[in-house]
Structure formats: structure tokens, C-alpha cells
Amino acid sequence: TPHYKELQELFAANSMEVSLAEIKKDPAKWAKNASLEFKTTVLLKGNTTIICDAKNIVEIKSGTTYLATAGSGDVLSGILGSLVANNYLRLRNKTITLLEIAQVAVLIHQEASLEASNGGPISASMIIEKISPVIGKALSTKFI
């Protein structure tokens, strides 16, 4: 779940030089390159979150600019980790993909941030407080 600068650092750590400006110019291209290079699903955080694996690219526009706050990415990683753990057997049996789980994680994260924000600035702890109600709402509407 890197943001642009972290993605640049991942490439550099693997002797692949790419500038931050190049990543910002075409984040989908560089997320896809990372997915292929590191043989994993990539969730590139930004104003538009890009999720990709070897076959697919999904772009999800952020619901609020207030997500760019300290700890918000950690909250997203926690949601993602929880969903991966809860869907381990489905992943193992290939009835769901990491890309699909990542999409749900991003949508839960965004909805929780929108509810926490109510049009104003937010903190990571405010997002956390809204996760359970958002998941409850999603389950009651068969969203997840």
C-alpha cells in the first residue's frame, strides 16, 4: 500500500530508477510496473487510488482530500489486513482475489473517512471510529 514516494523508494531499493515526477505523471503505469516487478497486487495510495495485479487495474477516486492525513494509510492497511485474514480460505481456494479484497478495503476506508469528516478535517482515530458502523451498514445491504 505505498504512496507515490514510497513506490519510488521501492523501485530504488530494487535498482530501478524512476523519478517522483514520472510516477505522478502516470501512476497507473507505475503501479502496474510494480505489480509485475514484485509479483504482487499493488494498492497505490493517492487522490485516485490505483489497485492492480498482473491482469487488472482499478482506479477509485478519493471521496475527500482530508484522507491525506497522518495515519490514514495505516488505517487502510489495517482494514486490508483484516479482510485478507478473514478471507484466507477464499484466497487460497481462488474464489476471491487480493485485488477484489483491496477494492473493498478502499471503499470501507473511504466511506469511514467521509462519515468521520462530515465536510471537515479528520484524524486517523476518527476514521477508525467509523469503520465498524460502515461495515455493519455494508453487511446489511449485502455490499460485502
Side-chain angles (χ1 to χ4, degrees), residues 1-117 121-139 141-144:
T1 61
H3 55 62
Y4 292 6
K5 179 68 175 157
E6 292 167 334
L7 184 61
Q8 179 193 29
E9 291 168 359
L10 283 170
F11 281 127
N14 284 276
S15 302
M16 298 173 62
E17 295 304 318
V18 58
S19 72
L20 192 55
E22 289 175 287
I23 293 172
K24 287 179 180 179
K25 183 178 178 183
D26 194 351
K29 170 188 169 184
W30 291 104
K32 186 66 166 187
N33 285 350
S35 178
L36 295 170
E37 176 67 25
F38 304 121
K39 296 175 180 50
T40 192
T41 300
V42 172
L43 190 160
L44 181 60
K45 300 175 296 192
N47 189 36
T48 297
T49 297
I50 299 164
I51 309 164
C52 61
D53 60 19
K55 300 175 188 171
N56 303 292
I57 296 178
V58 175
E59 296 186 21
I60 302 174
K61 183 91 170 128
S62 178
T64 176
T65 58
Y66 294 121
L67 265 176
T69 188
S72 175
D74 296 324
V75 174
L76 174 58
S77 294
I79 295 167
L80 181 58
S82 176
L83 290 172
V84 167
N86 280 296
N87 287 282
Y88 168 75
L89 290 176
R90 292 180 69 200
L91 282 164
R92 192 171 143 199
N93 295 331
K94 300 183 189 248
T95 60
I96 196 169
T97 66
L98 283 174
L99 184 123
E100 292 167 320
I101 290 174
Q103 287 177 44
V104 172
V106 168
L107 294 173
I108 289 170
H109 186 249
Q110 284 193 2
E111 187 63 26
S113 68
L114 287 171
E115 288 195 17
S117 171
I122 55 176
S123 65
S125 60
M126 291 169 70
I127 299 168
I128 291 168
E129 290 175 13
K130 298 297 183 179
I131 293 170
S132 184
V134 164
I135 292 173
K137 180 177 162 185
L139 289 171
T141 60
K142 306 249 189 279
F143 176 69
I144 56 173

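Scope of the values below: all heavy atoms of this structure, side chains included, with no hydrogens, waters or symmetry mates. Quantities reported herein were computed from a predicted structural model and do not represent experimental measurements.
The two atoms that bring Lys45 and Glu6 nearest to each other are NZ-OE1, 4.0 Å, heavy atoms only. The two residues Leu7 and Pro2 have their closest heavy-atom pair at N-CB, 3.8 Å. Smallest separation of non-hydrogen atoms from Pro121 and Tyr66: CA-CD2, 3.5 Å. The heavy-atom pair separating Tyr4 from Lys24 by the smallest distance is CD2-CG, 3.4 Å. The two residues Val84 and Leu98 make their nearest non-hydrogen contact at CG2-CD2, 3.8 Å. Across all their heavy atoms, Leu44 and Pro27 have their closest contact at CD2-O, 3.6 Å.
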Can you give the donor-acceptor pairs under 3.5 Å from side chains of residues 101-108 to other protein atoms, not counting sequence neighbours?
none

Could you pull out every donor-acceptor pair under 3.5 Å between side chains of residues 49-56 and any protein atom, sequence neighbours left out?
from: Asp53; atom 1: OD1; to: Lys55; atom 2: N; distance (Å): 2.9
from: Asp53; atom 1: OD1; to: Asn56; atom 2: N; distance (Å): 2.7

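A distance-only check finds no donor-acceptor pair linking the side chain of Ser117 to the backbone of Leu114 [under 3.5 Å]. Judged by distance alone, with hydrogens and angles left aside, the side-chain atoms of Asn14 form a donor-acceptor pair with the main-chain N or O of Leu10 at under 3.5 Å.
Considering only heavy atoms from C-beta on, Met126 stays 4.5 Å or farther from Lys130 through its side chain. Counting heavy atoms from C-beta outward, Asn33 and Val18 have side chains that stay 4.5 Å or more apart.
Under the side chain to side chain donor-acceptor pair (under 3.5 Å) criterion, the residue pairs touching residues 69-90 are Thr1-Ser77, Ser72-His109, Ser82-Asn86, Asn87-Arg90, with sequence neighbours excluded.
Partners of Lys5 according to the side-chain contact (heavy atoms from CB on, under 4.5 Å) rule, which considers only residues two or more places apart in sequence or in another chain, are His3, Gln8, Glu9, Leu20. For Glu100, the salt bridge (Lys or Arg N to Asp or Glu O under 4.0 Å) criterion is met by no residue, not counting sequence neighbours. Taking the side-chain contact (heavy atoms from CB on, under 4.5 Å) definition, one finds that Thr40 meets it with Phe38, Val42, sequence neighbours left out.
In this structure, Ile127 CD1 and Leu76 CG are separated by 9.5 Å, a value rounded to the nearest 0.5 Å. Atoms CG and CG, on Asn47 and Leu67 in that order, are 9.5 Å from each other to the nearest 0.5 Å. With values rounded to the nearest 0.5 angstrom, Thr97 atom OG1 is found 7.5 Å from Leu91 atom CG.
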Mind running side-chain contact (heavy atoms from CB on, under 4.5 Å) on Ile131 and Val75 for me, showing each step along the way?
CA-CA 9 Å; Ile131 293 170; Val75 174; 3.7 Å; yes

